Engineer: 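The structure that follows is given in the form of structure tokens.
From a predicted model like this one, the values you see are computed outputs, not experimental measurements. Reckoned from all heavy atoms, side chains included, excluding hydrogens, waters and symmetry mates.
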Amino acid sequence: MFWILIVLAIAMWVLQGILSVFQLKKFNRELKRLRKSGRVAIGKARGRFKAGCLLMLCIDENCKIIKGRKLQGITSFAGFKDFNDLNGIVLTDITEDFCNNFDKQTKTAILSAVEEYRQYTKQQEEKMCLDTPK
């Protein structure tokens, strides 16, 4: 009986690894598709016992959101869905108060995308300052 439980645990671990690979491929396909339209800001909210949320917001050269895709679910069978609630809004103008109409996981993912984008642009500005000759 003990060995059956060990074999079952190993089988479940292997299955989880395989499903994670498929989910990663799904994410990469979606990201590649969105990047054809512009830059992409990615936000995430981890969910241990509730559905996690992964959000990709495609932005134009003026930092205006042109389209969004959202992955929310408990299992790795969850798929990306359109998330157009933020279309037309400037990404950096989004505040915590603005996100109060969304569920907690979506709100966390939106604010995470905004923060990640701010960190990225700050690093790019610092890199530009270092690269300019004096």
Engineer: Does the side chain of Phe98 come within less than 4.5 Å of Ile89's, by heavy atoms?
Structural biologist: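 They are in side-chain contact.
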Engineer: Tell me, with the steps shown, if Asp82 and Arg69 meet side chain to side chain contact (heavy atoms under 4.5 Å, CB included).
Structural biologist: CA-CA 5 Å; Asp82 287 333; Arg69 299 285 285 163; 2.7 Å; yes
Engineer: Ignoring hydrogens and geometry, is there a side-chain-to-backbone donor-acceptor pair from Lys26 to Ala78 under 3.5 Å?
Structural biologist: yes
Engineer: Are Glu30 and Leu71 side-chain neighbours, meaning at least one heavy-atom pair lies under 4.5 Å?
Structural biologist: no
Engineer: Apply side chain to side chain contact (heavy atoms under 4.5 Å, CB included) to residues Val90 and Asn62 and explain how you reach the verdict.
Structural biologist: CA-CA 8 Å; Val90 175; Asn62 299 320; over 6 Å; no
Engineer: Nearest heavy-atom pair of Ile65 and Leu86: which atoms, and what distance?
Structural biologist: CB-O, 3.5 Å
Engineer: Checking Gln105 side chain against Arg46 main chain: does a donor-acceptor pair fall under 3.5 Å?
Structural biologist: yes
Engineer: Stepwise, does the side chain to side chain contact (heavy atoms under 4.5 Å, CB included) test hold for Leu57 with Tyr117?
Structural biologist: CA-CA 10 Å; Leu57 301 171; Tyr117 181 76; over 6 Å; no
Engineer: Going by heavy atoms in the side chains, are Asp85 and Thr106 under 4.5 Å from each other?
Structural biologist: no
Engineer: With sequence neighbours excluded, tell me which residues meet side-chain hydrogen bond (donor to acceptor under 3.5 Å, both in side chains) with Ser37.
Structural biologist: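 side-chain hydrogen bond (donor to acceptor under 3.5 Å, both in side chains) check on Ser37 returns Lys67.
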Engineer: Where is the tightest heavy-atom contact between Ile94 and Arg118, given as atom of each residue plus distance?
Structural biologist: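 Looking at all heavy atoms of both residues, the closest pair is O-NH2, 4.2 Å.
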Engineer: Please confirm whether the backbone N or O of Asp60 pairs with a side-chain atom of Arg39, one donor and one acceptor, at under 3.5 Å?
Structural biologist: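 It does hold such a pair.
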Engineer: Could you please spell out the steps behind the side chain to side chain contact (heavy atoms under 4.5 Å, CB included) verdict for Lys25 and Val21?
Structural biologist: CA-CA 6 Å; Lys25 285 184 177 188; Val21 169; 4.1 Å; yes
Engineer: Between Asn84 (side chain only) and Asn87 (backbone N and O only), is there a donor and an acceptor less than 3.5 Å apart?
Structural biologist: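 Not confirmed, Asn84 side chain does not pair with Asn87 backbone.
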Engineer: With sequence neighbours excluded, what pairs up with Asn101 under the side-chain contact (heavy atoms from CB on, under 4.5 Å) test?
Structural biologist: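 Applying side-chain contact (heavy atoms from CB on, under 4.5 Å) to Asn101 gives none.
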Engineer: Report yes or no: does Arg35 contribute a side-chain atom to a donor-acceptor pair with the main-chain N or O of Val40 at less than 3.5 Å?
Structural biologist: no
Engineer: Determine whether Glu116 and Ile42 make a side-chain contact, defined as any pair of heavy atoms from C-beta on separated by less than 4.5 Å.
Structural biologist: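 Counting from C-beta outward, Glu116 and Ile42 never come under 4.5 Å.
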Engineer: Quick one: are Leu54 and Gln72 in side-chain contact, heavy atoms under 4.5 Å?
Structural biologist: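 SC-SC contact between Leu54 and Gln72 ruled out.
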Engineer: Quick one: ring pair (Phe, Tyr, Trp, His ring centres under 6.0 Å) partners of Phe83, sequence neighbours excluded?
Structural biologist: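 Result, ring pair (Phe, Tyr, Trp, His ring centres under 6.0 Å) vs Phe83: Phe102.
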